[in-house]
Protein chains: 2
Amino acid sequence: MDMENRKEQIIERALVHIKKRGYLSFSYDHLSKELGLTKASIHYHFEKKESLGLAVCDRLETGLDQMMIAIKQMDIDPKEKAIEFLRMRLSYIDLDEICPISAFQADFPYLPEILKQSVQHVTNKELGCVAELLKDIHNNEAKAILLLSALKGALQYRRAVGGEIMETISKQLKELLQ
Amino acid sequence: MDMENRKEQIIERALVHIKKRGYLSFSYDHLSKELGLTKASIHYHFEKKESLGLAVCDRLETGLDQMMIAIKQMDIDPKEKAIEFLRMRLSYIDLDEICPISAFQADFPYLPEILKQSVQHVTNKELGCVAELLKDIHNNEAKAILLLSALKGALQYRRAVGGEIMETISKQLKELLQ
DNA sequence: GTCTATATCAAGATAGAC
DNA sequence: GTCTATCTTGATATAGAC
């Protein structure tokens, strides 16, 4: 198969696995079986697991860039834009998944150094995105931290207490931005 | 060594490891080396890893009970009691740790069934504790979810962005309860 | 109650054929 | 680009001696 397509396909599946299991717990074996390949073939495209982890972080950053472009072009009240960001972020996360950035953070102390740096970068980028969308509101950095922490904490709670929790949280976060 | 003391000691170390690495990632080998024992000796006290996981959940529940007793006896404004709960919960979590309940939640889909049940139980118990302390405030269940999600999400953020985030969150959570 | 030794399995990674 | 085969490591768990 064409190399760029295959690489993309592997990154895509790895991202799903990270959202479901976390970075440390997913394996080349899981991945290869789903893609109809062998572990060795994955290693051909991404020599080490950390290379694949880095590629996934890059992809998350690209996704954030695209979301910001889309949101800035929307014809909605600026005060709605942070909420729209959270809504779009959630749309990429299934019921049995958590935020991939949270997953990396949970494994953080045991990541290879270079991957830690990428995780820090995408973490700060996402915080910066929300803070930027809140720029007309007082105390935007602190508010961005509160919104994202609550959203991602709730995604983990969802695993144990069920999906209704997300509506409870979303409602309150919207109130917080009134 | 006395069996009850040894069991307690193992549970205590396991809890620390879960806060640092998560349930799936800590091992009897890590534990045994710290305690000056062998893996086999840990297996004598807790035949399977899931038995140890269950004991850790029990310990967390006991801790919640004790905290609630202590807080109810405190001579402070009822409106301060939820904040005091969060403060006490935080005091058991080091700078390089996350909330152990969050750690179990992150691993949730890959836990043995019986341990899932224990994690659900302690999760709901903690939510119930905060909701109870908020009982004079409107919408207490929803507020409890918001407070705990934000606190625990922030603990994971701390790993990637540093400790200052906790003061930002604490300050905002206090404002939310005014 | 703790030990040594070992069985079993899964993971990351590499060598070399096609 | 993908394969088979293999190495190495680390994990859960058990058997049996002391």
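Reminder, nothing fancy here: chain letters follow the sequence lines and each chain counts from 1.
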Residues 162-169 of chain A, side-chain donor-acceptor partners within the protein, below 3.5 Å, at least two apart:
none

Side chain to side chain contact (heavy atoms under 4.5 Å, CB included) partners of [X], counting only residues at least two apart:
X	result
A:Lys171	A:Glu175
B:Glu34	B:Arg13, B:His17
B:Ile83	B:Lys174, B:Leu177
B:Glu132	B:Met68, B:Lys72

A:Lys79: which residues meet the side chain to side chain donor-acceptor pair (under 3.5 Å) condition with it, sequence neighbours left out? none

Looking at residues at least two apart in the chain, or sitting in another chain, which of them share a side chain to side chain donor-acceptor pair (under 3.5 Å) with A:Asp29? A:Lys33

Could you state the CG-C1' distance from A:Asp107 to C:dG12, rounded to the nearest angstrom? 16 Å

Which residue pairs satisfy the ring pair (Phe, Tyr, Trp, His ring centres under 6.0 Å) criterion with at least one member in residues 107-136 of chain B, sequence neighbours excluded? none

Residue pairs meeting ring pair (Phe, Tyr, Trp, His ring centres under 6.0 Å), one or both in residues 28-49 of chain A, sequence neighbours left out, come to A:Tyr28-A:His43

So which one's nearest nucleotide on DNA chain C is more toward 5', A:Tyr23 or B:Arg6? B:Arg6

Heavy atom of residues 47-60 of chain A under 4.0 Å from DNA chain D: which residues? none

If you round to the nearest 0.5 Å, how far is CD of B:Gln120 from OG1 of B:Thr123? 7.5 Å

Check every nucleotide of DNA chain D for an atom under 4.0 Å from a heavy-atom of chain B, then give the first and the last such nucleotide from 5' to 3'. D:dA11 to D:dA15

Using a heavy-atom distance cut-off of less than 4.0 Å, which residues of residues 24-39 of chain B contact DNA chain C? B:Gly36, B:Leu37, B:Thr38

